[in-house]
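Taking it in order: structure first as structure tokens, then the write-up.
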2 protein chains.
Amino acid sequence: MVKYEAIAKEIRSRITDGIYKVESLIPDQVTLSEEFKVSRMTIKKALDILAMEGLIYRQRGSGTFVMKNSPLNEKNAAVNEYDGLTKQMQGHKLESKIIKFTVEFPSEEMMEHLMIEKSMPVYNLIRLRILDGKPYVLEHTYMPTDLATGLTEEIIEGSIYKYLHDELNIKFSGAYRKIRADKASKYDQEYLICDVHDPILEVEQIVYLKDGRPFEHSRSRHRYDTRSFTFIDMNQKF
Amino acid sequence: MVKYEAIAKEIRSRITDGIYKVESLIPDQVTLSEEFKVSRMTIKKALDILAMEGLIYRQRGSGTFVMKNSPLNEKNAAVNEYDGLTKQMQGHKLESKIIKFTVEFPSEEMMEHLMIEKSMPVYNLIRLRILDGKPYVLEHTYMPTDLATGLTEEIIEGSIYKYLHDELNIKFSGAYRKIRADKASKYDQEYLICDVHDPILEVEQIVYLKDGRPFEHSRSRHRYDTRSFTFIDMNQKF
DNA sequence: AAGTGGTCTAGACCACACC
DNA sequence: GTGTGGTCTAGACCACTTA
């Protein structure tokens, strides 16, 4: 681990352990650089991380404070979802029911989303994810066959992302997401076991590889009463 | 403007103008530092910004590429909302209809969200925002009276955030948000002019001041067919 | 005036990819 | 080996707050 990450980790635990108390000043950057025997730039980089996490707040001329933080101390499962549900839901029983698993040529829309030619086949996958025995989310996923090669029913019954990571050594750079509310389709009603008039929370997602190629397009449809998305925006310019 | 911001801006326009073409290498950091006559650290800081925006991707040993970007070139009104709707919706006609504007003692829930005592009065404000003549969002807002002092009907008919910024010189550090789908309440139906069975997209938001104090709690309820939230997560660790 | 955090420099070394 | 980006340094200057 690099120095600034290690220092950020140490200071973070001092905050959560109460050594640096809420709403009080922490030592200034020069003092910290002497304590950790690093340059001030390195200390600043460590503090940048904590500021992005919303743990501290810095004011030119005054110093660095520990933030009052109501939502931050909670385990905030922020909207970082492209590492898959399996990883997020550790400690829960997560099952997958495969509803559809085919290979087909892409639609116009999918050609655009995945930036592929008509001739590149895509996996078309519909999975119902069941959390602790209850229907949780219905996922409609498209992946180009040249990037997610060798998918089998066995793999997609478990964790696709584990397979991609461990077997194909695929790395992601990030994702584009769109969240909206929608009416329940017949599909939603059947598999999520919800009423015609129950709202659905849909997350449309395009995941990108490190080189910028789109790797997956999916629409995840959630029951309105089992899922919400929380996140934190800190340190934006005003 | 500081150097690295100016350089980021220049490189950003070279990308959007097609001078640096998609999927191709851009000049290396040393070359750029010579061109802009700055140190390499400053170039790196400029590139950090563009990487966070998802415009470029850097690979150790290889260089810096322009990302293939479908959603990124679009005007992505990301989820940075605490600077108010007025600022975001420039070019559109935005009206506000005040439905409720009172001062009251906080509920247990609001005491917790805003981290205030029972004795600190809060503004309770309900506004319907009307975009280009159509009902757009119904906002339920609570603000402590000691932080948002001097609110009047006149102010809240326009831009509250402009008042806070220009008159009270208040600065924000960020916000906590939760997005969910919900059924339409009687209120929603009446003011957003929607059907009993239309889903609602609700954004719950707590905005924080620079010193970490909670400044506003709001629930913004949107028609499901007029609003979605898009955002980009880039450069996460995997 | 003193002390704080923010920026910037010039240079060094390292990790990694490619040849 | 060469070239790339990532980290780190020691020091400088600036912007800002507080006294």
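Letters A, B, ... are given to chains in the order of the sequence lines, protein chains preceding strands, and every chain is numbered from 1. Side chains are part of it too, since the values below use all heavy atoms of this structure and drop only hydrogens, waters and symmetry mates.
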Answer yes or no: is there an ion pair linking B/D28 with B/R40, defined by an N-O contact shorter than 4.0 Å?
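Not counted as a salt bridge, because no side-chain N and carboxylate O are separated by less than 4.0 Å.
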Matching residue for A/E204 among A/R177, A/K178, A/H217 - test: side-chain hydrogen bond (donor to acceptor under 3.5 Å, both in side chains)
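That would be A/H217; it is the only one of A/R177, A/K178, A/H217 passing the side-chain hydrogen bond (donor to acceptor under 3.5 Å, both in side chains) with A/E204.
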Closer to the 5' end of DNA chain C via nearest nucleotide, is it A/G63 or A/M41?
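That would be A/G63.
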In terms of the angle between their ring planes, are A/Y57 and A/F65 parallel, tilted or perpendicular, with boundaries placed at 30° and 60°?
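It falls in the parallel class, under 30°.
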Look at the aromatic rings of B/H222 and B/F229 and report parallel, tilted or perpendicular, splitting at 30° and 60°.
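B/H222 and B/F229: perpendicular rings.
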For [X] and [N], is the shortest distance between a side-chain N/O and OP1 or OP2 below 4.0 Å?
| X | N | value |
| --- | --- | --- |
| B/Y4 | C/dT7 | yes |
| A/K44 | C/dG5 | no |
| A/T64 | C/dG5 | yes |
| A/K37 | D/dT9 | no |
| B/S62 | C/dA17 | no |
| B/Q59 | D/dG6 | no |

Minimum-distance nucleotide to A/K3 side chain [options: D/dT9, C/dG5, C/dT9]
D/dT9
Base D/dG6 to side chain B/R40, donor-acceptor N/O within 3.5 Å cut-off:
yes
Using atom [atom1] of [X] as one end and atom [atom2] of [N] as the other, report the distance to the nearest whole Å.
| X | N | atom1 | atom2 | value |
| --- | --- | --- | --- | --- |
| B/Y57 | D/dT4 | OH | P | 16 Å |
| A/R58 | C/dG3 | CZ | C1' | 17 Å |
| B/D48 | D/dG5 | CG | P | 12 Å |
| B/D28 | C/dA17 | CG | C1' | 14 Å |
| B/M1 | C/dC8 | CE | P | 11 Å |

Residue whose closest nucleotide on DNA chain D lies nearer the 5' end, B/Q29 versus A/I43:
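Looking at DNA chain D, the more 5' nearest nucleotide goes with B/Q29.
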Taking any heavy-atom pair under 4.0 Å as a contact, classify A/V30: base, sugar-phosphate, or nothing.
nothing
Would you indicate whether B/K9, at its atom NZ, is surrounded by more than 12 heavy atoms from other residues, nucleotides or ligands within a distance under 6.0 Å?
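Count not over threshold, so no.
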